[in-house]
Amino acid sequence: MSSSSHSFPPLDPPARLLMGPGPINADPRIHRAMAAPLVGQFDPVMTRYMNQTMAVYRAVFECDYAQTLLIDGTARAGIEAVVISAIEPGERVLVPVMGRFGHLLTEIAERAGAEVHTIDIPWGQVCTLEQLETALKTVRPSLVATVQGDTSTTMLQPLAGWGDLCHQHDALLVCDATASIVGNTLPTGEWQLDAVTCGLQKCLAGPPGVAPITLSPAFVERVNRRRHVEAGIRDTQDQPQAGPRIGSNYFDLPMIMDYWGERRLNHHTEASTMLYAAYEAGRIAVEEGLAAAVSRHRLHGNAMAAGVEGLGLALYGDQSTRMNNIVGVRIPEALDGEAVRAALLQDWGIEIGSSFGPLKGKIWRIGTMGYNARQDCVLMTLAALEQVLRRQGHACPQGGGVDAAYAIYQRAEEGAVQ
């Protein structure tokens with residue numbers, strides 16, 4: 001059959017308000033940036049853009065680490081690159097598991113050949129500094145990998161003091177901050193984090209597809225022990241490979257650092273459009289101010305939490321350690337949680353999330369992050385949720401969600417005036 005007999009209509013995504021755990025609606029300024037013309041990867045303009053992107057993400061990560069760059073791929077690509085480049089087979093790695101993404105870190109480390117030990121924390125709670133110290137003394141790992149904000153549980157892991165403690169026990173500290181960065185405090189340098197990875201699709205208000213990372217000098221020294229230059233681009237100044245070759249070419253961080261560094265050694269073709277998106281996302285965050293961005297996420301997250309309770313629903317997890325940008329909501333036993341989500345999507349064009357593992361079918365996850373951390377998004381979601389709950393037969397106070405959210409906004413406004 002000839003290709004002319006087929007009809008391939010253009011993609012035409014429906015309008016959605018994405019109020020789940022991510023992705024969220026991207027900031028229109030990022031969409032505009034992505035429409036810019038492509039330039040070649042060795043064009044001096046692209047070199048300048050790469051340097052500017054490194055600089056803006058040092059500000060986003062709140063550190064002065066020279067090796068701050070992008071990994072082309074979703075947020076998980078950043079995690080994979082860090083873990084596979086840092087771990088040699090047989091090394092001991094310690095992972096606190098507090099939700100789905102602790103299990104993910106465990107699997108990635110195991111696939112890299114590590115001997116993985118876990119600190120198993122009940123979902124809805126976080127790991128204490130005392131629990132970490134006990135495990136460090138027992139396991140004696142060379143690397144600790146943790147998630148700052150785990151969207152599966154909505155919890156935010158406190159990390160102050162972790163870097164210093166890990167270093168006292170000769171371990172590097174790796175942190176996945178995909179769900180938390182910009183919406184929650186993360187002073188990478190002050191907390192002595194050795195590698196931090198993230199994505200754009202949550203509080204940074206961009207699309208998935210690129211992973212900003214930052215690497216401490218100690219982490220760079222560690223991975224450079226395995227530095228290898230491809231034969232096809234090697235020249236006389238390149239030393240023979242010193243250690244075991246990193247198991248992935250694409251995620252080989254020393255190679256990627258050479259690509260982003262002064263020599264610009266060819267590695268891959270830079271995803272120019274995603275670099276534009278990443279730069280604009282970081283620029284917007286820095287322009288707003290990180291403290292202001294965290295405060296904005298806290299305000300709208302608190303308004304959403306209050307609104308949910310105003311509808312007679314219960315929140316999930318320890319609220320003292322909840323992320324600013326996502327709320328876990330216990331699904332009443334009499335309700336079909338998926339039917340509620342389907343009605344919100346079909347009737348209102350609003351998406352909220354469910355969860356995984358032991359929380360599957362037990363909680364909804366409602367995000368207020370990035371471009372959607374706004375009052376109109378919060379109020380629209382609460383109003384829609386109330387109507388859907390009523391149609392599903394769940395009794396809730398009329399206007400209770402919106403009124404409770406308004407009360408949070410009013411108190412914030414009064415506090416700002418004082």
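Values below: all heavy atoms of this structure, side chains included; hydrogens, waters and symmetry mates excluded. For reference, positions follow the sequence shown, starting with 1.
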*Asks:* Hey, are E338 and R341 close enough for a salt bridge, meaning a charged N less than 4.0 Å from a carboxylate O?
*Replies:*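 A salt bridge links E338 with R341.
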*Asks:* May I ask you to test the P332-L313 pair for a side-chain heavy-atom distance under 4.5 Å?
*Replies:*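 A side-chain contact under 4.5 Å exists here.
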*Asks:* Is the closest side-chain heavy-atom distance between P207 and L200 below 4.5 Å?
*Replies:*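 Yes. Closest side-chain heavy atoms under 4.5 Å.
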*Asks:* So do the side chains of W364 and L335 get within less than 4.5 Å of each other, counting heavy atoms only?
*Replies:*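 Answer yes - side chains close enough.
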*Asks:* Taking the cut-offs as 6.0 angstrom to the six-membered ring centre and 45 degrees off its axis, would you call R330 and Y316 a cation-pi pair?
*Replies:*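 No - R330 does not lie over the ring of Y316 by the 6.0 Å and 45° rule.
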*Asks:* Does any N or O in the side chain of N224 come within less than 3.5 Å of the main-chain N or O of R227, such that one atom is a donor and the other an acceptor?
*Replies:*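 Not a single qualifying donor-acceptor pair exists.
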*Asks:* Are R283 and Y279 in a cation-pi setup, meaning NZ or CZ lies under 6.0 angstrom from the ring centre and within 45 degrees of the ring axis?
*Replies:*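 No, R283 and Y279 do not form such a contact.
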*Asks:* Hey, are S85 and R222 close enough side-chain-wise for a donor-acceptor pair under 3.5 Å?
*Replies:*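 No, no side-chain donor-acceptor contact under 3.5 Å.
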*Asks:* To the nearest 0.5 Å, what is the distance between CD1 on I331 and CG on L359?
*Replies:*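 Reported value, rounded in 0.5 Å steps: 9.5 Å.
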*Asks:* For the pair E91 and L143, evaluate side-chain contact (heavy atoms from CB on, under 4.5 Å) and give the outcome as yes or no after the intermediate values.
*Replies:* CA-CA 8 Å; E91 286 193 88; L143 186 141; over 6 Å; no
*Asks:* Does a salt bridge link R29 with E287, judged by any charged N lying under 4.0 Å from a carboxylate O?
*Replies:*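 E287 and R29: salt-bridged.
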*Asks:* Could you tell me if H167 and D194 have a donor-acceptor pair between their side chains, going purely by distance under 3.5 Å?
*Replies:*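 Yes - a donor-acceptor pair under 3.5 Å links their side chains.
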*Asks:* Got a salt bridge between R296 and E288, using NZ or NE/NH1/NH2 to carboxylate O under 4.0 Å?
*Replies:*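 Looking at R296 and E288, the cut-off is met.
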*Asks:* Without hydrogens or angle criteria, can the side chains of H300 and Y409 be said to hold a donor-acceptor pair below 3.5 Å?
*Replies:*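 Looking only at side-chain atoms, Y409 and H300 do form a donor-acceptor pair, the distance falling under 3.5 Å.
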*Asks:* Indicate the ring-plane relationship of H268 and Y259, choosing parallel, tilted or perpendicular according to the 30° and 60° boundaries.
*Replies:*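 Answer is tilted, since the angle falls between 30° and 60°.
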*Asks:* A side-chain contact here means heavy atoms from C-beta on lying under 4.5 Å apart; do L70 and M274 qualify?
*Replies:*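 With C-beta onward as the side chain, the pair stays apart.
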*Asks:* Side chain of T128, backbone of Q131: donor and acceptor closer than 3.5 Å?
*Replies:*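 Pair found, side chain donor or acceptor close to backbone of Q131.
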*Asks:* Can you tell me how the ring of F356 sits relative to the ring of F101, calling it parallel under 30°, perpendicular over 60° and tilted otherwise?
*Replies:*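 It falls in the perpendicular class, over 60°.
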*Asks:* Any sub-3.5 Å donor-acceptor pair from R100's side-chain atoms to G357's backbone N or O?
*Replies:*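 The answer is no, because no donor-acceptor pair under 3.5 Å joins these two groups.
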*Asks:* Charged N to carboxylate O under 4.0 angstrom, R76 versus E80?
*Replies:*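 Result for this pair is no, no salt bridge flagged.
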*Asks:* Do R322 and Q319 have a side chain donor and acceptor closer than 3.5 Å?
*Replies:*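 Q319 and R322 do have a side-chain donor-acceptor pair below 3.5 Å.
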*Asks:* What's the spacing between Y371 OH and I284 CD1 if we round to 0.5 Å?
*Replies:*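 One gets 10.0 Å once the value is rounded to the nearest 0.5 Å.
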*Asks:* Do L17 and M380 have side-chain heavy atoms sitting under 4.5 Å apart?
*Replies:*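 Yes, their side chains come closer than 4.5 Å.
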*Asks:* Do the side-chain N and O atoms of N249 and E230 include a donor-acceptor pair separated by under 3.5 angstrom?
*Replies:*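 N249 vs E230: donor-acceptor pair found between side chains.
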*Asks:* Give the intermediate values and the outcome of side-chain contact (heavy atoms from CB on, under 4.5 Å) for residues M304 and L382.
*Replies:* CA-CA 8 Å; M304 182 63 78; L382 289 168; 3.8 Å; yes
